[in-house]
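Worth knowing before you read on, the calculation uses all heavy atoms, side chains too, and leaves out hydrogens, waters and symmetry mates. Quantities reported herein were computed from a predicted structural model and do not represent experimental measurements.
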Amino acid sequence: MSSVNKGNSSSTPVIEVDDFSFTYAGTNEPVLHNISLTIRAGEFVLLAGPSGCGKSTLTRSLAGFIPHEFTGESDGTIRIQGVDTRTLPIYELSKTISLVQQDPDSQIVTLNVVDEIAFGLENFLTPPSEIPPRIKSALDAVNAEKLENRSTSTLSGGEKQKITLASFLALQPPILLLDEPTARLDPPTTREVISTLAHLNQVSGTTILVVDHRISQLLPISSRCLLMDAGRIVFDGSPSQLRQNPLTLQKLGVYLTPMENTSSSTSSSERKSTPLLSVQGLEFSYPKTSVSPNGFALKDVSFTISPGELVGIIGANGSGKTTLLQHLIGLLSPESGTIELNGQSVQDRQVSELASDVGFIFQNPLHQLCERRVWDELLLASHHLKKPTPDEAEMRAESLMTHFGLNNYRNRSPFSLSIGEQRRLTIASILVHRPNLILLDEPFIGLDYRNVNQIMTVIKQASNGGVAVLLATHDPAVVSAYCNRLLFLSEGKLVLDAPVHQAFSRLEQLGEIEFIPPHLRRSFTVWEVPTRK
């Protein structure tokens with residue numbers, strides 16, 4: 001598709017990409033093919049496309065991480081404010097262009113929140129009197145005032161994302177690149193971040209490029225949209241022109257409309273009499289330096305899960321979702337309360353033993369990748385757990401590789417894959433040995449909706465076959481489409497446990513509108529942000 005909108009031609013070009021291609025070391029196929037692109041001062045550019053199409057590689061290239069940090073072969077040039085990125089070290093480039101990456105763990109470098117936000121400011125020799133107000137302003141922008149005194153090592157994935165965002169917002173760079181900046185954030189914080197980005201762009205004149213799969217919430221503030229596929233830019237136009245191409249969007253796994261409902265509600269009376277999982281009176285607190293506002297991470301949490309149930313868990317960042325899941329696999333031990341799996345106490349079993357019955361998908365796929373080849377990674381868990389038989393495991397692995405589009409990566413290092421591809425790999429590796437209970441902690445970060453559907457189709461099949469599933473996510477549309485029950489956590493307490501659509505109605509009564517899919521809201525939408533004039 002031809003380029004139709006290059007922004008305001010009267011503005012100065014700040015990013016110029018001329019016939020740029022890049023191939024990572026150790027691979028033969030280029031990730032970027034002959035990219036040519038000009039972004040002018042003050043533009044707000046939305047970049048979308050299927051998982052693994054090269055979006056993150058492009059942002060790394062613009063910020064100078066390629067070629068300075070990632071080795072490989074490149075052709076063409078990239079200029080930032082007229083300067084070739086190959087001629088300046090990253091620390092010099094970062095004064096002009098800043099990149100907020102997908103994985104916050106890769107960017108956090110200090111031990112507490114205030115030091116983390118101050119780190120860049122101090123390195124740029126910001127006057128000491130300016131640093132405290134900038135820290136406060138940045139924390140306010142991401143709804144993270146309560147995290148000011150926290151240790152960075154105790155933050156949840158979403159809280160780490162908030163702090164990473166805040167540290168870059170405090171720098172006030174003239175060009176800001178954000179790779180999936182809201183993927184780990186709860187809906188209220190997502191709204192705050194989008195409003196902040198709109199303000200930075202429209203009031204401060206910051207040039208912004210955002211990579212995101214959830215494009216509907218960013219279209220109102222964007223001046224320009226780019227679509228990528230297989231390492232190439234296939235669309236360059238205005239938001240209105242993008243809306244006129246729904247088939248192109250769906251082909252690339254980008255959706256403007258909510259998923260259709262495929263779930264069936266299961267009431268308490270319909271559940272099997274003997275639960276697979278029983279949690280009663282669960283309580284847990286982190287050390288005092290990292291406690292929640294009420295002093296606990298989980299407080300008197302009780303529920304049961306029956307075989308075949310597919311249960312969504314939603315709630316704000318830091319509400320206890322990850323902490324709860326980590327208790328169910330034995331990574332954390334409760335201060336009080338009980339957890340039983342098939343009538344046996346989880347606390348009495350080793351994590352290695354529980355792994356045969358409970359499959360856990362971490363927020364960060366790097367936390368569970370071990371092998372040198374994708375194929376070996378797929379079979380690793382089944383090999384150590386000795387289930388199923390080797391022949392059956394290989395048959396399942398082949399089928400899952402095909403379903404998740406991983407066939408071409410059989411001999412690749414798992415660490416060379418995109419985050420979305422790594423996530424599909426970790427989920428596939430769990431499905432090979434088919435545990436009785438699957439725990440998914442924010443499994444859709446870095447994935448387009450086509451891949452979300454691919455994953456949830458397999459998860460739904462497993463659920464229909466009797467596997468119980470707990471899915472912690474910030475995407476209520478996925479819960480609405482696939483889950484039959486919803487747990488809502490708030491500040492460590494289980495506030496709501498009900499069939500999905502009853503739960504969403506109750507959340508509306510409680511005023512938690514932002515945790516309801518837009519198509520199910522009856523009241524005024526809260527997603528309004530300043531639109532472009």
Side-chain angles (χ1 to χ4, degrees), residues 263-264 266 268 270-280 282 301-313 321-334 337-362 368 378-397 399-400 403-404 425-443 455-473 479 482-487 497:
S263 65
S264 58
T266 303
S268 299
E270 294 174 323
R271 297 175 201 156
K272 296 181 180 180
S273 56
T274 304
L276 172 71
L277 175 72
S278 175
V279 178
Q280 301 298 324
L282 186 64
V301 174
S302 299
F303 62 91
T304 62
I305 302 291
S306 296
E309 284 198 280
L310 208 172
V311 182
I313 308 176
K321 302 185 297 297
T322 297
T323 301
L324 173 60
L325 294 183
Q326 289 181 346
H327 274 83
L328 304 184
I329 189 62
L331 294 175
L332 293 174
S333 297
T338 61
I339 306 170
E340 292 185 351
L341 184 68
N342 276 327
Q344 184 178 0
S345 173
V346 167
Q347 294 98 303
D348 294 339
R349 303 175 67 183
Q350 297 291 326
V351 174
S352 57
E353 180 188 355
L354 280 169
S356 181
D357 295 319
V358 184
F360 192 104
I361 303 298
F362 288 84
Q368 58 192 117
L378 267 174
L379 295 172
L380 177 65
S382 65
H383 172 74
H384 285 283
L385 296 172
K386 295 180 171 54
K387 58 175 284 199
T389 64
D391 288 345
E392 177 66 18
E394 290 194 7
M395 288 178 58
R396 292 180 185 176
S399 176
L400 288 163
H403 183 81
F404 288 145
L425 174 60
T426 57
I427 292 172
S429 68
I430 293 296
L431 291 170
V432 169
H433 73 87
R434 293 185 185 174
N436 297 322
L437 174 64
I438 296 177
L439 311 175
L440 301 158
D441 191 4
E442 296 290 349
I455 288 171
M456 289 309 299
T457 296
V458 177
I459 294 295
K460 188 75 172 179
Q461 290 171 351
S463 174
N464 291 338
V467 176
V469 180
L470 272 78
L471 166 65
T473 179
V479 174
Y482 288 101
C483 297
N484 48 42
R485 183 172 157 211
L486 185 149
L487 307 180
D497 176 359

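The main-chain N or O of Phe362 is found under 3.5 Å from a side-chain atom of Gln368 such that the two form a donor-acceptor pair. A donor-acceptor pair under 3.5 Å is formed between the side chain of Lys387 and the backbone N or O of Ser356. In this structure, Glu394 contributes its side chain and Asp391 its backbone to no donor-acceptor pair below 3.5 Å. A distance-only check finds no donor-acceptor pair linking the side chain of Lys321 to the backbone of Ile313 [under 3.5 Å]. Distance alone, capped at 3.5 Å, is enough to place a donor-acceptor pair between the Ser382 side chain and the Leu379 backbone. Proximity of a side-chain donor or acceptor of Ser463 to a complementary backbone N or O of Gly308 within less than 3.5 Å is detected. The backbone N or O of His433 lies less than 3.5 Å from no partner atom in the side chain of Glu392, so there is not a single donor-acceptor pair.
Between Leu471 and Pro443, some side-chain heavy-atom pair lies under the 4.5 Å cut-off. Tyr482 has its side chain out of reach of Ile459: every pair of non-hydrogen atoms, C-beta onward, lies at least 4.5 Å apart. Side chains of Cys483 and Leu310 form a contact here, defined as non-hydrogen atoms less than 4.5 Å apart. Between Val458 and Phe404 there is a side-chain heavy-atom pair separated by less than 4.5 Å. For the pair His327/Val301, no side-chain contact is recorded, criterion being any heavy-atom separation below 4.5 Å from C-beta on. Between Asn436 and Asn342 there is a side-chain heavy-atom pair separated by less than 4.5 Å.
Ser352 and Gln350 form no side-chain donor-acceptor contact under 3.5 Å, judged by distance and modelled atom types alone.
When all heavy atoms of Thr338 and Gln347 are compared, the closest pair comes out as CA-NE2, 4.0 Å. In terms of heavy-atom proximity, Ile427 sits nearest to Ile361 at CA-CD1, 3.7 Å. Nearest approach of Arg349 to Ser345, heavy atoms of both residues: CG-O, 3.7 Å. Between Leu354 and Ile329 the shortest heavy-atom distance is CD1-O, 3.4 Å. Contact record, Leu378 with Ala397: CD1-O, 4.0 Å, taken as the closest heavy-atom pair. In this structure, Leu328 and Val346 approach most closely via the heavy-atom pair O-CG1, 4.0 Å.
A distance of 10.0 Å separates CD in Glu309 from CG in Leu277, rounded to the nearest 0.5 Å. Atom-to-atom distance recorded for Leu431:CG and Thr426:OG1 is 9.5 Å, nearest 0.5 angstrom. The distance from atom OG1 of Thr304 to atom CD of Glu340, rounded to the nearest 0.5 Å, is 11.5 Å. Going from atom CG of Asp441 over to atom OG1 of Thr323 covers 9.5 Å, rounded to the nearest 0.5 Å. Between the CG atom of Leu325 and the CG atom of Leu332 there is a distance of 10.5 Å, given to the nearest 0.5 Å.
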inquiry  = Apply side-chain contact (heavy atoms from CB on, under 4.5 Å) to residues Gln280 and Phe303 and explain how you reach the verdict.
reply    = CA-CA 7 Å; Gln280 301 298 324; Phe303 62 91; over 6 Å; no
request  = Apply side-chain contact (heavy atoms from CB on, under 4.5 Å) to the pair Val432 and Leu400, showing each step before the final yes or no.
outcome  = CA-CA 8 Å; Val432 169; Leu400 288 163; 3.7 Å; yes
request  = Carefully, step by step, assess Leu439 and Val358 under the rule side-chain contact (heavy atoms from CB on, under 4.5 Å).
outcome  = CA-CA 7 Å; Leu439 311 175; Val358 184; 3.6 Å; yes
request  = Verify side-chain contact (heavy atoms from CB on, under 4.5 Å) between Leu440 and Val469, making sure each step is shown before the conclusion.
outcome  = CA-CA 8 Å; Leu440 301 158; Val469 180; 3.9 Å; yes
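Salt bridge annotation for Arg485-Asp497: present, with a cationic side-chain nitrogen under 4.0 angstrom from a carboxylate oxygen.
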